[in-house]
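To keep things clear, I will list the structure first and then write my remarks on it.
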Amino acid sequence: QVQLVESGGGVVQDGGSLRLSCAFAGRAFSSYGMGWFRQAPGEEREFVAAINWSGSSTTYSDSVKGRFTISRDNAKNTVYLQMNSLKPEDTAVYYCAADDSPALGATLQEFDYWGQGTQVTVSS
């Protein structure tokens with residue numbers, strides 16, 4: 001059984017930064033691809049970023065490319081999302097997800113386990 005717990009959300013001003021963390025509980029973290037998704041009120045959940053099992057490959061949505069960085073520490077069973085140059089349109093609940101394939105996933109259907117989410121609010 002896999003459990004994911006996000007932390008690090010909050011309120012930040014336009015142009016600010018936040019770092020989200022996702023703690024993975026379960027077996028063999030390093031065999032999972034990991035991702036971040038977000039969902040704004042009234043919107044569908046959308047892909048933000050993903051990382052493969054080793055951290056050697058990453059992918060980002062066009063809307064966050066160049067501003068967000070996903071990383072992982074397999075020794076700490078944790079995945080991170082560093083968010084810089086935040087904009088009001090980044091406001092959403094951010095979800096961590098685990099894919100039981102070690103490869104790089106980018107769609108909701110590829111991910112098997114989800115956290116409860118953490119709220120990020122960017123004020124203008």
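Computed over heavy atoms, backbone and side chain alike; hydrogens, waters and symmetry mates excluded. Keep in mind that this is a model prediction, so the values were computed, not measured.
Checked by atom type, the side-chain pair Thr78/Asp73 shows no donor-acceptor distance below 3.5 Å.
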Working for side-chain contact (heavy atoms from CB on, under 4.5 Å), residues Met83 and Ser17: CA-CA 5 Å; Met83 305 186 295; Ser17 298; over 6 Å; no
Derivation of the side-chain contact (heavy atoms from CB on, under 4.5 Å) call for Arg27 and Gln1: CA-CA 8 Å; Arg27 296 176 61 185; Gln1 189 75 345; over 6 Å; no
Step-by-step side-chain contact (heavy atoms from CB on, under 4.5 Å) determination, Gln39 to Tyr94: CA-CA 7 Å; Gln39 188 167 17; Tyr94 282 71; over 6 Å; no
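Sorted by first and then second residue, the disulfide bond (SG atoms under 2.5 Å apart) pairs with a member in residues 52-124 read Cys22-Cys96; sequence neighbours excluded. For residues 32-88, the set of pairs meeting the ring-ring contact (aromatic ring centres under 6.0 Å, His included) definition, not counting sequence neighbours, comprises Phe24-Tyr32, Phe37-Phe47, Phe37-Phe111, Phe37-Trp114. For residues 98-113, the pairs satisfying side chain to side chain donor-acceptor pair (under 3.5 Å) are Thr107-Glu110, with sequence neighbours left out.
Legend: residues meeting side chain to side chain contact (heavy atoms under 4.5 Å, CB included) with Gln3, ordered by chain and number and at least two apart, are Ala25. With sequence neighbours left out, the salt bridge (Lys or Arg N to Asp or Glu O under 4.0 Å) criterion links Arg38 to Glu46, Asp90.
For Glu89, the CD atom counts as densely surrounded, since its 6.0 Å shell holds more than 12 non-hydrogen atoms of other residues, nucleotides or ligands.
The minimum heavy-atom distance linking Asn74 with Ser30 is given by the pair ND2-CB, 3.5 Å. Heavy-atom minimum distance, Asp14 versus Leu86: OD1-O, 3.0 Å. Between Ala28 and Ser31, the closest heavy-atom pair is O-OG, 2.7 Å. Annotation for Ala106 and Thr59: closest pair CB-CG2, 4.5 Å, computed over non-hydrogen atoms.
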For residues 117-124, which side-chain donor-acceptor pairs fall under 3.5 Å, sequence neighbours excluded?
from   : atom 1 : to     : atom 2 : distance (Å)
Thr118 : OG1    : Gly9   : N      : 3.3
Gln119 : NE2    : Ala92  : O      : 3.4
Gln119 : NE2    : Thr121 : OG1    : 3.3

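A chain of hydrophobic side-chain contacts below 4.5 Å, direct or via other Ile, Leu, Val, Met, Phe, Trp or Tyr residues, connects Val48 to Val12. The hydrophobic cluster containing Met34 also contains Val2, counting ILVMFWY residues as joined when their side-chain heavy atoms lie under 4.5 angstrom apart, directly or transitively. Under a hydrophobic-cluster definition in which Ile, Leu, Val, Met, Phe, Trp and Tyr are linked whenever side-chain heavy atoms come within less than 4.5 Å, directly or via other members, Tyr95 and Leu20 are assigned to different clusters.
Note that the OG1 atom of Thr58 and the CG atom of Leu104 stand 7.0 Å from one another [nearest 0.5 Å]. Note that CZ of Arg19 and CG of Leu81 are 10.5 Å apart. Values are rounded to the nearest 0.5 Å.
Arg72 places a side-chain N or O within donor-acceptor distance of the main-chain N or O of Phe29, the cut-off being under 3.5 Å. Listed for the Asn52 side chain is a donor-acceptor partner under 3.5 Å among the backbone atoms of Ser57.
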